[in-house]
Amino acid sequence: MNILILGAGGREHALAWKIAQSPKCDKLFIAPGNAGTATLGTNLPISAEDFDAVKKAVLENDIKMVLVGPEAPLVAGVHDFFLQDPGLKNIPVIGPTKAGAQLEGSKDFAKIFMQRFEIPTAEFRTFFDYTLSEGQKYLEKVKPPYVLKADGLAAGKGVLILDNLDEAKQELANMIGGKFGAASSKVVVEEFLDGVELSVFVLTDGEGYVILPEAKDYKRIGEGDTGLNTGGMGAVSPVPFADVAFMKKVESRIIKPTINGLNRQDILYKGFIFFGLINVGGDPYVIEYNVRMGDPEAEVVLPRIKTDFVELLEAVAEERLKDVKIEIDERTATTVMLVSGGYPGSYEKGKKITGLEDVNESIAFHAGTKLSDSDVVTSGGRVIAVSSFGSNMKDALKKSYANAEKIDFENKNYRKDIGFDL
Ligand code: AMP
Ligand code: GLY
């Protein structure tokens, strides 16, 4: 079977790496891909959001399955586009339809969904232009810190956590006034939850599901979880506090009600659900849903899956996931993200990357790279995720860090303390 992956980051390189190991995959295509995915399949120079170009590529290359990496094409309705096209409707798309993608595409939708199906999450209210003054009065009544969330997709930047009431009131006005464009025309104000975060993933065909390994992501740029938020600076899987008892609570209080809720709302959901959770005194709460795998979580989760990945995806497409058992590698996987100096602020691109051929006992997943003549050069803020296995976290990190040293480019930066809190 020929398979197309949409996307271009470290997650998509990890998906390509996993799929390329399956005897069920004949030709692998990635659109647009990066210098890493180019070593595993054919990169197609088309945007994941250009559905007409995707259609043309699918028909030309006899593609029989499409796996969507990032959220944007899902929120824009790529799955619906396939279902509505007579020539594409029988080609399975792994990733929810537009209605399901609202779990990530609209925070207000996600909160109302959780409230309706009694899924534990922070208390909230949603405000928009006509209710701004009501929102500001509401802020006076709730306890700080104040959590303000743009309703729509805002490239991971749409959440503000503020200690000062006047500042929170002003920012609520700024957001509704267009601080994040249309994405913040509605703003969710929610209760602050105090705890340790983790990411839990399921793959579902809408009814059956398999729980993938959980992971912890390190989002801040600075050591000790300080400084600006990034897309993710490293990850660890498994997460020690996510023991059997905790994961049982996650499954019964969060995973099952979410899948049942999607069914109750007649939403066709075939794909990944990423539960961004927080552990509050031993009880899991949902901070956010995403409708895709995490990045860099994918770079530690996918290596731990022993089951043939294409078999899993086929089971999703054919709605027989409830009969499938997934086999997980017991070892610990870690990843350390090498980023461009200046990221998540402004940074330069086009820096030549050296040392990739010297990597051993780790996998260098390309996040923001491209080929320039015969060189691999940087093309993004997050550049390479160095993933390793170990019998424990320390052992895995030792390998990731040894290889992080070998790979080089001008102004390379990375966090030296991944896993520090575990
Ligand atoms: P989100 O985009 O919803 O994941 O929010 C980004 C980050 O803000 C999360 O990863 C948390 O670290 C933090 N955050 C969001 N909501 C809350 C909350 N209700 N309480 C505490 N921290 C939060
Ligand atoms: N690492 C967090 C995310 O993928 O959203």
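Whatever order the structure lists them in is the order used to number ligands and atoms, beginning at 1.
Judged by distance alone, with hydrogens and angles left aside, the side-chain atoms of Asn43 form a donor-acceptor pair with the main-chain N or O of Asn34 at under 3.5 Å. Under the 3.5 Å distance criterion, the side-chain polar atoms of Lys179 are left unmatched by any main-chain donor or acceptor of Ala150.
For a threshold of 3.5 Å applied to N or O pairs, the pair formed by Asn229 and ligand 1 contains no separation below that value. Between Val147 and ligand 1, not a single N/O pair is under 3.5 Å apart. Polar contact with ligand 2: absent for Lys219 (N/O pair, distance under 3.5 Å).
The pair Arg125-Glu134 meets the salt-bridge criterion, with a side-chain N (NZ, NE, NH1 or NH2) lying under 4.0 Å from an Asp/Glu carboxylate O. For the pair Lys186 and Asp108, the salt-bridge criterion is met [side-chain N within less than 4.0 Å of a carboxylate O]. By the 4.0 Å N-to-carboxylate-O rule, Lys322 lies too far from Glu207 to be salt-bridged with it. Of the charged side-chain nitrogens involved, at least one lies within less than 4.0 Å of a carboxylate oxygen, so that Asp225 and Arg415 count as a salt-bridged pair.
In this structure, the protein non-hydrogen atom closest to atom 2 (C) of ligand 2 is Asp217 OD2, 3.4 Å. Scanning all protein heavy atoms for the shortest distance to atom 19 (N) of ligand 1 gives Glu190 OE2, 2.7 Å. The nearest protein atom to atom 21 (C) of ligand 1, hydrogens excluded, is given as Leu193 O, 3.1 Å; this is a heavy-atom distance. In this structure, the protein non-hydrogen atom closest to atom 11 (C) of ligand 1 is Glu197 OE2, 3.1 Å. Among protein heavy atoms, the minimum distance from atom 17 (C) of ligand 1 is reached at Ile287 CD1, 3.5 Å. The protein non-hydrogen atom at the shortest distance from atom 5 (O) of ligand 1 is Val159 CG2, 3.4 Å.
With ligand atoms numbered from 1 in the order given, ligand 2 contributes 3 (C), 4 (O), 5 (O) to contacts under 4.0 Å with heavy atoms of Arg292. For ligand 1, the atoms lying closer than 4.0 Å to a non-hydrogen atom of Lys107 are 1 (P), 2 (O), 3 (O). Here is the list of ligand 1 atoms found below 4.0 Å of a heavy atom in Lys149: 3 (O), 15 (C), 16 (N). Numbered from 1 in the order shown, with element, the atoms of ligand 2 that lie under 4.0 Å from a heavy atom of Gly294 read 4 (O).
At least one side-chain heavy atom of Phe113 sits less than 4.5 Å from a side-chain heavy atom of Thr258.
Ligand 1 lies less than 4.0 angstrom from a heavy atom belonging to Ile161. Taking a 4.0 Å cut-off on heavy atoms, Gly231 registers as neighbouring ligand 2.
Distance check for atom 7 (C) of ligand 1: every protein heavy atom is found at 4.0 Å or beyond.
Scored by the ring-ring contact (aromatic ring centres under 6.0 Å, His included) test, His366 finds His13 as partners (sequence neighbours excluded).
The minimum heavy-atom distance linking Lys352 with Val377 is given by the pair CA-CG1, 4.0 Å.
Taking a 6.0 Å sphere around NZ of Lys249, one finds it holds more than 12 heavy atoms contributed by other residues, nucleotides or ligands.
By the criterion of a heavy-atom distance under 4.0 Å, the side chain of Glu297, and not its backbone, is placed next to ligand 2.
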Atom pairs and distances, donor-acceptor, side-chain atoms in residues 378-385, under 3.5 Å, two or more places apart:
unit_1	atom_1	unit_2	atom_2	d
Thr378	OG1	Gly350	N	3.2
Thr378	OG1	Lys351	N	3.0
Ser379	OG	Thr369	N	3.2
Ser379	OG	Thr369	O	3.4
Arg382	NH1	Gly231	O	3.0
Arg382	NH1	Gly232	O	3.2
Arg382	NH1	Asp295	O	3.0

